[in-house]
Amino acid sequence: MSKIILTGDRPTGRLHIGHYVGSLKRRVELQNSGEYDKIYIMIADAQALTDNYDNPDKIRENIVEVALDYLSCGIDPEKSVIFIQSMVPELTELTFYYMNLVTEARLHRNPTIKSEIEMRGFGGTIPAGFLCYPISQASDITAFKATTVPVGEDQMPMLEQAREIVNKFNTIYGETLVEPQILLPDNKACLRLPGTDGKAKMSKSLGNCIYLADTEEDVRKKVMSMYTDPNHLKVEDPGQVEGNTVFTYLDAFCKDEHFAKFLPDYASLDELKAHYRRGGLGDVKVKKFLNNVMQEELAPIRERRKYWEKNIPEVYDILKRGSEEAQKAAAETLKEVKASMRINYFEDGALINDTMKKYM
Ligand code: TRP
């Protein structure tokens, strides 16, 4: 069986380093591993509209932001198909058929949906489209026969629901759809990178994000004012590493070779942590180190962004060509789905003859 990746992001804002360590970086590695037959990366504008339907311009503007972030991170349009969800209408059609396979109660049980309903304060007035977006996500995944979906931990319930839909479809209509596997980040710190203020999640509304498009100076300022251990007041004080954002970020970004380069007094992150715990290591020193580590990772991304920002028509052309290719692939699957569901009336040569016999 071919190995196919599908993943994507909602175009509701610039992507931040939480997206990067949680998913983007991995995608680039997977893309360059040569192990996959096909890689689709989708800008999920239709899904973003399910809770931004009253602000379509926000989605429109952020399509190119997300595309720029992808290209800057090293997603290569020669190797990966980058496309826009709404440009593939087959996805919507699949969603309508899959809706029959999911109960309303099941939609309400999805933990990610539950917490999003709470966060957005929908109360009793949840748009039906929003409640159903996990179904549309199952369409995104199955339309491309994706075997592997590299995403963050918050997407686990979506994958679970997609697998249920696949199984139900295949049971009722016959083996047609491919069951996808989730691929989570293997580094625990990358599963959910906290905001610079130590809050559990990086989010635009909390103002605690470091963006991929941030300048060197922006990043430095954000790192230097990061939340650490509030009880570590004097350098001599013993400090806590757990829940200390600076160390969580180091867990996500730092490699042993960074010590030789930027902080040769230590050989590894374990040594640095041990010193911090004992006391005698100041926050500023650790933050400066983190800043060097992060700048090294982010500098090439920033450089590539500069190139693409000067070539916007080329970016749109990549999206257009990607969308055309994705549409063709999804149309193939939809054809199979409709045949399995016996709603392929004009493709079924036997239908007219069988019907004729019935009325003879
Ligand atoms: N829900 C994802 C997010 O919020 C975006 C998305 C839409 C997606 N469709 C998908 C991710 C299919 C993986 C597979 O980031």
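Ligands are counted one by one from 1 in listed order, and the atoms in each one are counted from 1 as well.
Using a 4.5 Å heavy-atom threshold, the side chains of I113 and H108 count as separate.
Using bins of under 30°, 30° to 60° and over 60° for the plane-to-plane angle, the ring pair F83/Y40 lands in the perpendicular bin. Classification of the Y173-F169 ring pair by plane angle, with boundaries at 30° and 60°, yields tilted. Relative ring orientation between Y249 and F253 is described as tilted, the plane-to-plane angle lying within the 30° to 60° band.
Near ligand 1, residues L6, T7, G8, R10, M42, A44, Q47, Q137, D140, I141, V149, V151, Q155 each place a heavy atom inside the 4.0 Å sphere around the ligand atoms.
Within a 6.0 Å radius of CZ in R342, other residues, nucleotides and ligands contribute 12 heavy atoms or fewer.
In terms of modelled atom types and a separation under 3.5 Å, the side chain of Q85 and the main chain of Q47 share a donor-acceptor contact.
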